[in-house]
Amino acid sequence: MTRYWPAVAAALGLLVTACTASPEAAAPRTVLAAAPEPTKAVARLVLPFDRYQLSVNDIYLIESAKDVLTRACMKERGYGYEAITHRKQYQDLRNRRRYGVIEMPVATAMGYRTNARLLGSTDVTAQKMDRDARMSPAARKAATDPTDGCYKLAGDRLARGNEENEDLVNRLNVDSLDEALKSPRVTPAMRAWVRCMKQRGHPYKDFYAASEDPRWARTDQLSRAERETAVADVTCKGQTGLVTLLSETERGIEERDIRQNKAYFARLAAAKERHLAASRAVLRSAGD
């Protein structure tokens with residue numbers, strides 16, 4: 001089962017922007033697409049592997065340190081650079097769409113559509129886009145060149161000796177969902193979900209098939225049919241307890257995998273902490 005990951009990638013790629021400028025504005029301001037606020041069900045959706053991988057706040061901490069190092073590098077190259085370091089703490093929504101649409105406000109407002117805001121705050125992204133838009137082409141190249149740009153060099157410095165190969169945890173992350181979906185505890189609930197949906201006029205083999213209905217891709221606008229299908233999907237998940245069963249089953253699978261790969265996960269946790277410690281040290285030394 002690999003459909004969850006393309007959905008996340010698509011959401012992160014769908015940064016819908018609209019630039020507006022007033023006469024007083026020095027530069028356009030980026031506005032990113034909105035999404036309903038996360039529900040309590042999403043806040044509770046935390047899985048064991050999550051603690052071994054970077055959260056949104058971990059990523060922003062590292063990015064802040066990279067910005068500080070980039071600023072120093074750009075100064076040496078004769079350019080100014082705005083470091084975005086004062087970042088709030090954000091709710092981690094990485095699992096929000098792991099089991100498809102599970103929130104009624106999302107089903108009602110967006111159907112099966114997605115955007116970057118659905119999986120986390122986009123205000124930092126907007127700040128970075130605004131900053132980059134103000135840079136000259138030469139400065140932008142000096143900062144972002146994929147070979148020797150200051151931002152790449154900063155990332156290399158922070159990651160050096162502080163990374164562990166994540167291929168195994170990424171594979172296990174996909175496999176744990178697949179195994180949970182096929183487990184004897186979950187399959188009866190999935191069959192109940194299918195019956196529930198069929199009774200409401202939406203015959204699908206599973207909730208992935210509902211979200212991937214090709215009709216939804218034929219238009220950029222949310223249709224009545226898509227909204228009604230998504231609402232029925234969330235309703236049937238609630239009636240069958242499918243999300244609760246899936247998450248509880250997957251937690252057990254992931255904890256088992258951690259026990260079976262104890263040394264690997266210990267290295268993963270240590271590398272993560274070294275990476276974050278290196279980033280904190282940069283921010284402390286710069287006074288940011």
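Everything quoted here is computed from the prediction, not taken from an experiment.
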- Message: I'd like to know if the side chain of Ser176 and the backbone of Asn173 have a donor-acceptor N/O pair within less than 3.5 Å.
- Response: yes

- Task: May I ask you to say whether Arg51 pairs ionically with Glu254, meaning some side-chain N is under 4.0 Å from a carboxylate O?
- Result: no

- Interatomic distance, OG1@Thr39 vs CE@Met104, rounded to 0.5 Å, equals 10.5 Å

- Item | Heavy atoms of other groups near Arg227 CZ, more than 12 under 6.0 Å | yes

- Task: Using modelled atom types only, decide if a donor and an acceptor are shared between the side chain of Asp213 and the backbone of Ala209 within a distance under 3.5 Å.
- Result: no

- Can Lys237 be said to sit on top of Phe207's aromatic six-ring, NZ or CZ under 6.0 Å from centre and within 45° of the ring axis? yes

- Message: Quick test of your reading of the model: are Asp67 and Arg131 salt-bridged, counting only N-O distances below 4.0 Å?
- Response: yes

- What do the steps show when you test Glu250 against Arg185 for salt bridge (charged side-chain N to carboxylate O under 4.0 Å, His left out), and what is the final call? CA-CA 11 Å; Glu250 196 172 11; Arg185 189 179 180 204; over 6 Å; no

- Item | Sidechain N-carboxylate O distance under 4.0 Å for Arg134, Asp130 | no

- Item | Ala210 backbone acceptor or donor facing Trp216 side chain under 3.5 Å | yes

- Do other residues, nucleotides or ligands put more than 12 heavy atoms under 6.0 Å from Gln221 CD? no

- Side-chain heavy atoms under 4.5 angstrom apart, residues restricted to Ile, Leu, Val, Met, Phe, Trp, Tyr: same cluster for Leu283 and Leu158? yes

- For Tyr60, what residues pass the ring pair (Phe, Tyr, Trp, His ring centres under 6.0 Å) criterion, not counting sequence neighbours? Tyr90

Under 3.5 Å, which donor-acceptor pairs link side chains of residues 194-202 to any protein atom two or more places apart or in another chain?
| unit_1 | atom_1 | unit_2 | atom_2 | d |
| --- | --- | --- | --- | --- |
| Arg200 | NH1 | Cys196 | O | 3.4 |
| His202 | ND1 | Thr229 | OG1 | 3.3 |
| His202 | NE2 | Arg200 | O | 3.3 |

- Message: Just to verify, what does Ala154 make a side-chain contact (heavy atoms from CB on, under 4.5 Å) with, not counting sequence neighbours?
- Response: Lys66, Leu69, Thr70

- Query: Is Val42 reachable from Leu177 through a run of I, L, V, M, F, W or Y residues, each pair having side-chain heavy atoms under 4.5 Å apart?
  - Reply: yes

- Message: Salt bridge or not between Lys182 and Asp178? Use side-chain N to carboxylate O under 4.0 Å.
- Response: yes

- Go through Asp92 and Asn57 one step at a time and tell me if the side-chain hydrogen bond (donor to acceptor under 3.5 Å, both in side chains) criterion holds. CA-CA 8 Å; Asp92 197 334; Asn57 291 313; over 6 Å; no

- In one Ile/Leu/Val/Met/Phe/Trp/Tyr side-chain cluster, 4.5 Å: Ile84, Tyr151: no

- Using a strict 4.0 Å threshold on nitrogen-to-oxygen distance, state whether Arg274 and Glu164 make a salt bridge. no

- Look at Glu226 together with Arg113 and state whether they make a salt bridge at an N to O cut-off of under 4.0 Å. yes

- Tell me whether Val243 is reachable from Val234 by hopping between hydrophobic residues (I, L, V, M, F, W, Y) whose side-chain heavy atoms are closer than 4.5 Å. yes

- Query: Does Glu163 come within less than 4.0 Å of Lys272, counting only side-chain N to carboxylate O?
  - Reply: no

- Query: Which is it for Arg171 and Asp167 under the salt bridge (charged side-chain N to carboxylate O under 4.0 Å, His left out) test, yes or no, and what are the steps along the way?
  - Reply: CA-CA 6 Å; Arg171 176 174 60 79; Asp167 289 349; over 6 Å; no

- Message: Count I, L, V, M, F, W, Y as connected when their side-chain heavy atoms are under 4.5 Å apart, and connections chain through other members. Are Met110 and Leu45 then in the same cluster?
- Response: yes

- Query: Between Arg251 and Glu255, is there a salt bridge with N-O shorter than 4.0 Å?
  - Reply: no

- Task: Quick one: closest heavy-atom pair of Val169 and Gln53, and the distance?
- Result: CG1-NE2, 3.6 Å

- Message: Main chain of Met135, side chain of Arg140: is a donor-acceptor contact present, judged purely on distance under 3.5 Å?
- Response: yes

- Item | Salt-bridge criterion met for Lys152 and Asp156 (N-O under 4.0 Å) | yes

